[in-house]
Structures are given as C-alpha cells and as structure tokens.
> 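Structure in structure tokens, see below.
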Amino acid sequence: MSKEFQAPRGFHDILGSDLRKFRRITSTVRDILKRYNYEEIITPVVEFAEVFERSIGETTDIVQKEMFVFTDRKGRRLALRPEGTAGVVRAYIQNRLYTQKPYHKLFYEGPMFRYERPQAGRYRQFHQIGVEVFGVAEPHADAELLKLADDILKALNVRATLEINSLGCRVCRPAYREALVEYLNRVSDQLCKVCVDRKDRNPLRVLDCKVETCKEAVKEATKMVDFLCEECREHYEKVKAYLTNLGVSFRENHNLVRGLDYYTRTVFEAVSEELDVAVVAGGRYDYLVEEFGGPPTPALGFAVGVERLMLLVEEPERDYELYFVIPFGDVHAYALKVVDVLRKKGKVVELSYRKGGLRKQLELANRLSADYAVIVGEEEMKEGVVSLKDMRTGEQRKVKPEEID
RNA sequence: GAGGGUGUAGCUCAGCUGGUAGAGCGGGGGACUGUGGAUCCCCAUGUCGCGGGUUCGAGUCCCGUCACCCUCCCCA
C-alpha cells in the first residue's frame, strides 16, 4: 500500500459540474471577444521574476509576498505569472507588434499563480481571461472596453456593479500623492497599523482599506479627481459620457485605486452584488510599454476571474440529445455499426458497456438522463432494425438506424 | 502573515458526559432469463486526516501537523 497523494494546497482539479461552468464562462467570453475582433495570444506561464516586479511594482503585496519565485539550474530568477498583463506587454515588445499595425487588441486565457491563503473563489492556481489594447490613447477605447466587460457580465447573467475612477497621470498624480500623504499624516492616529506603514510607501492604497476606522478617516480625504490635470479630467469626463450614452451603468468610486502600480487614468472593477468580490478588473496603463523598453504606447485592459465567476454562474443545460445504445446478447458487431451510423448522422451516442439485463441497462440510461435508449438485441439484429425508446414518454418503436433523425 | 471552524464508508453526514463505529445516497450482486424513471432482498474488516500524548481503555480529551471552509490582509 503506497500513500495517497493530494494536490498541493490551493491547487485543485476542475471537473464535472465545475468544469461545465468553467467552460460556459470561457466560451461565452471568447464568443463576445470574437465579435469585438480581439486576437488571441498565448504567453508563457513562466517569466523572469523581474518582468512582474517591474510592472506590478516592487512594493505591492503581489510581488512581495504572493509570487511563486524560483531559480532555474543556471541561477536565473523565474516566476510563475501572478497576472497576465506583464507577459503580454513583454511579448508585445519582444515581437515588435507595434511595427505591424497602428494598434492591437489581444486577449489571453490561462492559469495564474499566487501564493495566498485559499478561500472561496480563490486558489493558488486560478484562471483569468484578459484583454489588452495597445496604442490607443483616446477615451472611446476606455468606453468600449468597459462596454465589453459589461457585455460579458450580462451574457453570463452576473449582477455586478461597475465602479470606475481615474488615477491621473505623470503630470497630476505626484501633486496629488503629496497632498494625500499630507492629509494622511494629519489623521494618522485614526489609521490601522497597516495603513500607517502604507501611507508613505503606497498612500493611494490607504483609500482602499477595509478597516472601519480607516474608511472613516479617509472619507474627507482629498480625492484624485479633484487633482486631475486638464487632460486627465477631460479624458475621464468623456469616458463617463460615452458610457452613459451607451447605456452602461456605472458608479464612481473615488477610493478605487487597484493594487498594481502600473495603472494610470481610468481604473475599474466589477463587483458582484451577491458576493462583494471583484469579478472583473482593469484599467489604463499608459507608461508600462515604455517602461519595458518599448516605444511610448498607451494601453489598457482588464482581466476576468474565472473561478470567481464560477461562484455566480449557473451550470449550463445540456444542449443536445443523448442516445444510449444498449447491446443485448451477442450483437456487438451489429451494435458497433449502429453506433457508427448514428454518429455519422451527428447524434451524440454512448454505447453501453454495462453488463447485466435490460432492466439494469435502462436504469443506467435513466441515470445518464439519456433522451433515447436504442435497444439492440438479437431480434433487432435479425431484422436490421433497432428498438428506439423515448425515455421521457416510454414510447418504443422499431426503426432502421439510418432512419433515425 | 493573523483569527475562527471543520476533517468519521466513494458522496452527505450521525455518533450524548471517553469503553474499540452507523444512516441516507451512490456503487455492486440477486427471486424477474428483453424494459427504466422511489418493487423487494443481499453486500461496507472504513489505519474514525496524519503523528504524538493523557488513560486500564480515545472517533470522543490534550499537543503538533496537513488539508479544506470562513473572516482579515490582498486580489481576479
């Protein structure tokens, strides 16, 4: 007797009804992305750790405590990707995509890894589908992106509120940051210890703290929106106007900051009304491509959390009829033929491997919720027919397999 | 990283104040050898997550450990 293995903590198998939900989500998203004409890209699960450190931010929690980092045999520091954008940006530059078209719309799907404590809808390996748009600075791109997120949520029947904010740019954010730190210093005795520590390192995050006293302390804080430079303000106003015009409902949340450093201007989250977790999140990152050594290229995108959506989505109904073929007696040669004929007609067919009498076979057909039982006995074989039984009504008739439709 | 809960047959769980384990479902077999969707009957030797301790004796108490769930943190 050898020991039984378990998947490592936070890693799990996806199967059965969960997998049907998983597929429903990914295929729905892919379907919509097709209509938006996004192009797929597959990037490696492993990158140099620096790719994430430099993009997401050295001081962020993701990088500091949640990344799976390891060294390979030559001592290179590699990491399992904790999110999708960094790798796509790297690929965009490495493949010189900017020389091919004036702008690009890419999407990716795959596993991401974060060393976190598992919880409902949160695993160490989880899956995201994300989109990235490169080379468009104008606000209509932001609006279309938000519309895309909205379309996805509506298609999946997930009730979520779209929250948006603007984080400004190089021009206006430094001044705001300064003003915010000044404000936070004044109320620092009301902040939780994490925030006291955080206010100098990453002050914007304090706005997003969930601790009640912090929320209270931050209520009167100066808002980024009040500091936006003329261009950022105009951009933000246009995004909102376009959304209103499109009929996409949203709520402004001036404390929404996101935990990744690369965001500029528009940021957003779709928060489930049912569970109070973000299921879609993203925003603009106009400097990241440049910071990665590419040409200055405005960009924006978002990611959909598949496991989180799985908590909110119904398992899809089966959309085909199942024919359960029951060989009965020494008829396997004939039964195999029957199965082949039905499959050629496009039917979904399961050939029963179960042993036992007709009764047991029909019980199994029932349990598999087959729509039809196709009984193939010696009698049927002699006549070149099958007995087709409608499992719902119980009606049964003999037909030639070719005539089933 | 912090706090709380749980861990008993394949699954869902019951096992009171410690005396060495049960039910439902599923699965398998069968009076019926060609007919189902609550006909009947039979079938569970499971290291009670793992390791250690207390005790004459532990699933039942204590410690540790692992996993899962929940909250915080963080995030999709």
Side-chain angles (χ1 to χ4, degrees), chain A residues 1 3-12 16 25 56 60-67 81-85 109-130 149 152 160 192-195 197-198 202 205 208-212 214 256-260 268-272 275-282 301-312 324 326-329 331 352 354-380 387-396:
Chain A
M1 275 272 268
K3 83 165 189 174
E4 183 173 308
F5 286 114
Q6 268 190 341
R9 177 167 210 193
F11 291 79
H12 70 301
I25 292 161
I56 299 167
T60 58
D61 284 324
I62 295 182
V63 164
Q64 285 194 334
K65 32 189 232 199
E66 296 179 357
M67 229 166 35
R81 62 182 181 196
E83 57 103 49
T85 299
E109 176 194 333
M112 305 294 162
F113 305 84
R114 289 184 202 172
Y115 193 91
E116 296 182 280
R117 194 128 180 185
Q119 268 179 56
R122 173 188 297 185
Y123 304 92
R124 290 183 177 181
Q125 174 177 337
F126 60 102
H127 298 77
Q128 291 188 336
I129 304 180
I152 289 170
C192 70
K193 48 188 178 299
V194 186
C195 283
D197 183 53
R198 188 151 55 188
N202 195 353
R205 281 224 62 78
D208 206 27
C209 186
K210 307 292 188 293
V211 177
E212 276 308 317
C214 292
L256 177 64
V257 299
R258 316 286 310 125
L260 294 74
F268 68 95
E269 272 182 11
V271 180
S272 159
L275 286 179
D276 196 36
V277 291
V279 290
V280 178
F302 67 73
V304 177
V306 179
E307 280 82 355
R308 295 220 168 153
L309 246 16
M310 282 165 68
L311 299 173
L312 301 164
F324 190 65
I326 301 172
F328 193 65
V331 296
S352 176
R354 203 216 196 278
K355 298 183 179 67
L358 241 199
R359 175 184 296 269
K360 299 282 187 190
Q361 300 268 30
L362 286 167
E363 269 173 24
L364 182 57
N366 217 29
R367 222 165 40 67
L368 297 177
S369 43
D371 299 283
Y372 298 97
V374 182
I375 300 166
V376 184
E378 318 237 350
E379 190 182 310
E380 284 83 356
S387 291
L388 181 67
K389 183 183 180 81
D390 183 321
M391 292 298 286
R392 203 169 45 79
T393 64
E395 285 166 33
Q396 183 174 327

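Naming convention: chains lettered A, B, ... in sequence-line order (proteins, then strands); numbering from 1 in each chain.
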> Are the side chain of A:R114 and the backbone of A:I62 linked by a donor-acceptor contact shorter than 3.5 Å?
no
> Sequence neighbours excluded, which residues qualify as side chain to side chain donor-acceptor pair (under 3.5 Å) partners of A:R81?
A:T43
> Looking at A:L311 and A:G121, what are the two nearest heavy atoms and their distance?
CD1-CA, 3.7 Å
> Taking atom OH of A:Y372 and atom CD1 of A:I326, what is their separation to the nearest 0.5 Å?
15.0 Å
> Answer yes or no: side-chain N or O of A:Q396 and base N or O of B:U35 forming a donor-acceptor pair under 3.5 Å.
yes
> Going by the rule side chain to side chain donor-acceptor pair (under 3.5 Å), which residues pair with A:E307 if we only count those two or more places apart in sequence or in a different chain?
A:H127
> Report the distance from atom CG of A:L368 to atom C1' of B:G37, rounded to the nearest whole Å.
13 Å
> Kindly say whether, by distance alone, the side chain of A:E116 makes a donor-acceptor pair under 3.5 Å with the base of B:G1?
no
> With sugar-phosphate meaning primed atoms plus P, OP1 and OP2, does A:V277 contact a base, only sugar-phosphate, or nothing at under 4.0 Å between heavy atoms?
nothing
> Nearest whole Å is fine: how far is B:A76 C1' from A:E66 CD?
12 Å
> Where are the stems of RNA chain B, defined as at least 3 consecutive Watson-Crick or wobble G-U pairs with both distances under 3.5 Å?
B:1-7 with B:66-72, B:10-13 with B:22-25, B:27-30 with B:40-43, B:49-53 with B:61-65
> Atom CG of A:N366 and atom C1' of B:G36: how far apart are they, to the nearest Å?
5 Å
> Taking the side chain of A:K389 as heavy atoms from C-beta outward, which of B:G34, B:C75, B:G36 is closest to it?
B:G36
> Determine the contact category for A:E307: base if any of its heavy atoms lies under 4.0 Å from a base atom, sugar-phosphate if only primed atoms, P, OP1 or OP2 are that close, otherwise nothing.
nothing
> Which nucleotide wins on minimum distance to the side chain of A:E363, given the candidates B:G34, B:A76, B:G36?
B:G36
> How would you label the contact of A:L309 with the nucleic acid (heavy atoms, under 4.0 Å): base, sugar-phosphate, or nothing?
nothing
> Just call it for A:M112: base, sugar-phosphate, or nothing, with non-hydrogen atoms closer than 4.0 Å on any strand.
nothing
> To the nearest angstrom, how far is A:D276 atom CG from B:C72 atom C1'?
13 Å
> Could you tell me the separation between the CD atom of A:E380 and the C1' atom of B:G34, rounded to a whole number of Å?
8 Å
> With sequence neighbours excluded, what pairs up with A:E109 under the side chain to side chain donor-acceptor pair (under 3.5 Å) test?
A:R30
> Using a cutoff of under 3.5 Å, can you pull out all pairs of nitrogen or oxygen atoms linking the protein to nucleotides 67-70 of chain B, with atom names and distances?
from, atom 1, to, atom 2, distance (Å)
B:C68, OP1, A:G10, N, 2.8
B:C68, OP2, A:R9, NE, 2.8
B:C70, OP1, A:A120, N, 3.4
B:C70, OP2, A:A120, N, 2.2

> Angle class for the A:Y123/A:H12 ring planes (parallel below 30°, perpendicular above 60°, tilted otherwise)?
parallel
> Round to the nearest Å and state the distance from A:L362 atom CG to B:U35 atom P.
9 Å
> Just checking A:G130: base, sugar-phosphate only, or nothing, at a heavy-atom cut-off of under 4.0 Å?
nothing
> Please produce a list of atom pairs where a protein N or O lies less than 3.5 Å from an N or O of nucleotides 9-12 of chain B.
none

> So which nucleotide from B:U35, B:A76, B:G34 ends up closest to the side chain of A:A278?
B:A76
> So what does A:A365 touch, heavy atoms closer than 4.0 Å: a base, only the sugar-phosphate, or nothing?
nothing
> For A:F126, what residues pass the ring-ring contact (aromatic ring centres under 6.0 Å, His included) criterion, not counting sequence neighbours?
none
> Determine the Euclidean distance between corresponding C1' atoms of B:C16 and B:C73; express it in Å to zero decimal places.
40 Å
> When the distance from NZ of A:K360 to C1' of B:G34 is rounded to whole Å, what number comes out?
15 Å
> Given atom CD of A:Q361 and atom P of B:G36, what is their separation to the nearest angstrom?
13 Å
> By the salt bridge (Lys or Arg N to Asp or Glu O under 4.0 Å) test, which pairs, at least two apart or in different chains, include something from residues 366-380 of chain A?
A:R318-A:D371, A:E379-A:K398
> Run the ring-ring contact (aromatic ring centres under 6.0 Å, His included) test against A:F113 and tell me which residues pass, sequence neighbours left out.
none
> Tell me every residue that passes side chain to side chain donor-acceptor pair (under 3.5 Å) with A:Q128, counting only those two or more places apart in sequence or in another chain.
none
> Report each atom pair, protein N/O against N/O of nucleotides 25-28 of chain B, whose distance is under 3.5 angstrom.
from, atom 1, to, atom 2, distance (Å)
B:G27, OP1, A:R367, NE, 2.3
B:G27, OP1, A:R367, NH1, 3.3
B:G27, OP1, A:R367, NH2, 2.6

> Report the residues that fulfil ring-ring contact (aromatic ring centres under 6.0 Å, His included) with A:F324, sequence neighbours left out, ordered by chain and then residue number.
none
> More than 12 heavy atoms of other residues, nucleotides or ligands under 6.0 Å from CZ of A:R354: yes or no?
yes
